[in-house]
Visitor: 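Please see the structure below; I have some questions.
The structure displayed is predicted, hence computed values, not measured ones.
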Amino acid sequence: MADAQDTGSAARPGPDEEPQDASPAAVPSPVAVPPPVVVPSSAAVPPPVVMPSPAAVVSPAAVPSPAPPASLTSPAPPVPSPSPSPEPRTGVAALSLRYQIGAALALAVVAVAVCVHIGMVFLHVAPPNTVTKQHGKAIDDWIYPEFEQNWKLFAPNPLQQNIAVQVRAEIDVADGGVRTTGWYDLSAQDGRAIDGNLLPSHTQQNELRRAWDFFVATHDAQNRPVGLRGALSETYLRHIVQLRLDRVNAVGEGDVVERVQVRSRTTNVPPPKWSDEQVSDKATYRVLPWWWVPGDDQDATAGGAR
C-alpha cells in the first residue's frame, strides 16, 4: 500500500503536521466556493473530505464588487438651458423712471381738466341750483364763448333763415366832397374766410353774428335801445363795423369816415325738394339809423375819424 504522503498535496496530513494553506490556484470563487475534489487513493476506504481552513476563505469585503451595468445607472441630470432674454418693453414702460413720472403727471393733469370741463358743462346746462347760484360767474367764464351750448339745432322749430350783416359809410373826401360807399357784406366776408379753413378763428365764426344777436335782443322793433345793455350793444357793433371797413380799405388816404349805417338782410332757407312747404324767396331788410363816428378825442378805442 502506498504511503498517504505520496499522494500529493491532496493527501491527508499526518498527526504531527499542520495543515497547509491552499495554493492561490485553489482559492475558491468569491461567489460560490465548491468543495475540493479529493483524488481517491488506491485504498478501498475513501479518504475524508478536506475542508479548507478559515484563512483560506476570502471575505466578501475583500473582493471588489462588479460595477453595475451602464443601463442601470441613474441618468445624468439635464443641463439647464439658458433662460430666454426678456421681451423688449414698449410704450411708457420703455421710458426711464423720470420720463415715466412725467408721463403719469401729464395724464393726471389731462384727466383732471377733462373732469372739470365735464362738470362745468353739466352745471351750465343743468337747472338752477345752489352751486350755479354761488358760482354762476365762474361757470359762465369757463363756458363762454368757446364752449357755448346752443340747443337751437334740437328745437322743435330750428332757425330756417340766413342773416347777413352789411354796412356802408359816409366819407368826407380830402377834396372837400362827401362820398357814400356801397354796402359791404361783412357776413359774406366771414363765410369766405371760413370756407375751406380747417381751423377758422373765433372772430370769423362768431364775432359779428354774436354782436348782431346782442343788438337785436336789446333793441325794440323801432331800433331803440332797451336799458343800458342796449347802448352797450350799439357801441360794440359800431366798433366792429369800423374795423371791418378799415380792413377792406373803404377809406382812402386823407379821407375821413363821418357816419356808418348797418342793416341786416334776411332770406329764408329753401325747403328740401321732397317737402311741400312753401316759403318766400324774397329778402327782407332791417336798416338801422346812421351812427356818427366819434373823433379820436371822444373815443380813441373806436378808431375815430380816418
Side-chain angles (χ1 to χ4, degrees), residues 90-92 94-95 99 102-126 137-169 181-217 233 236-251 260 262-275 279 281 283 286 301-303:
T90 59
V92 180
L95 302 176
Y99 288 102
L105 291 176
L107 291 176
V109 171
V110 172
V112 171
V114 171
C115 293
V116 171
H117 177 69
I118 294 176
M120 289 293 188
V121 174
F122 173 78
L123 293 174
H124 175 69
V125 300
K137 186 178 184 304
I139 296 173
D140 291 341
D141 292 342
W142 180 278
I143 295 297
Y144 293 107
E146 288 81 5
F147 307 113
E148 178 186 3
Q149 303 296 309
N150 192 333
W151 302 107
K152 292 182 179 180
L153 178 62
F154 306 99
N157 186 20
L159 293 178
Q160 299 179 359
Q161 295 176 331
N162 290 324
I163 301 175
V165 179
Q166 301 173 345
V167 63
R168 64 177 179 177
T181 65
W183 291 100
Y184 293 93
D185 196 336
L186 305 182
S187 298
Q189 295 175 8
D190 288 345
R192 288 191 295 268
I194 295 172
D195 189 17
N197 188 353
L198 297 178
L199 298 173
S201 67
H202 174 68
T203 57
Q204 294 170 343
Q205 298 179 84
N206 301 317
E207 182 185 52
L208 182 63
R209 178 181 61 84
R210 294 292 302 275
W212 180 253
D213 292 342
F214 185 28
F215 178 87
V216 173
S233 65
Y236 181 52
L237 182 60
R238 188 182 74 245
H239 287 179
I240 292 176
V241 298
Q242 285 182 248
L243 292 175
R244 298 296 183 89
L245 288 173
D246 187 51
R247 291 179 187 175
V248 297
N249 297 322
V251 181
V260 294
V262 180
R263 74 176 183 180
S264 66
R265 182 178 184 271
T266 304
T267 56
N268 294 318
V269 176
K273 296 180 180 180
W274 47 263
S275 177
V279 295
D281 57 354
R286 179 175 180 173
T301 61

Visitor: Kindly indicate whether the side chain of Gln160, heavy atoms from C-beta on, has any atom under 4.5 Å from the side chain of Val279.
Guide: no
Visitor: Can you tell me if Glu207 uses its side chain to pair, donor with acceptor, with the backbone of Gln204 under 3.5 Å?
Guide: no
Visitor: Nearest 0.5 Å, please: how far is CZ in Arg238 from CG in Leu243?
Guide: 11.0 Å
Visitor: Any side-chain donor paired with an acceptor under 3.5 Å for Trp142 and His124?
Guide: no
Visitor: Before giving the answer on side-chain contact (heavy atoms from CB on, under 4.5 Å), spell out for Leu245 and Val251 the whole-Å C-alpha distance, their side-chain angles and the decisive distance to 0.1 Å.
Guide: CA-CA 8 Å; Leu245 288 173; Val251 181; 5.7 Å; no
Visitor: Please confirm whether the backbone N or O of Leu199 pairs with a side-chain atom of Asn197, one donor and one acceptor, at under 3.5 Å?
Guide: yes
Visitor: Please examine the side chains of Gln161 and Thr267, heavy atoms only from C-beta on, and report whether any two atoms are closer than 4.5 Å.
Guide: no
Visitor: Quick one: does Pro270's side chain get under 4.5 Å of Asp281's, heavy atoms only?
Guide: no
Visitor: State plainly whether the residues Arg244 and Asp190 are in salt-bridge range, i.e. N to O under 4.0 Å.
Guide: yes
Visitor: Given Ser187 and Leu208, is the side-chain contact (heavy atoms from CB on, under 4.5 Å) satisfied, shown in steps?
Guide: CA-CA 7 Å; Ser187 298; Leu208 182 63; 3.7 Å; yes
Visitor: Given side-chain contact (heavy atoms from CB on, under 4.5 Å), test Arg209 with Asn206 step by step and report yes or no.
Guide: CA-CA 5 Å; Arg209 178 181 61 84; Asn206 301 317; 2.6 Å; yes
Visitor: How about Lys137 and Asp140: do any of their side-chain heavy atoms sit closer than 4.5 Å?
Guide: no
Visitor: Has Thr181 got a side-chain atom pairing as donor or acceptor with Ala169's backbone, closer than 3.5 angstrom?
Guide: yes
Visitor: Is the closest side-chain heavy-atom distance between Leu186 and Val241 below 4.5 Å?
Guide: yes
Visitor: Flag the pair Arg286 / Arg263 as yes when at least one side-chain heavy-atom distance between them is below 4.5 Å, and no otherwise.
Guide: no
Visitor: Can you confirm whether Thr266 sits close enough to Asn162 that some side-chain heavy atom of one is under 4.5 Å from a side-chain heavy atom of the other?
Guide: no
Visitor: Answer yes or no: is there a side-chain heavy-atom contact under 4.5 Å between Val262 and Trp212?
Guide: yes
Visitor: Say you draw a straight line from CD of Gln189 to OH of Tyr184; how long is it, rounded to the nearest 0.5 Å?
Guide: 9.0 Å
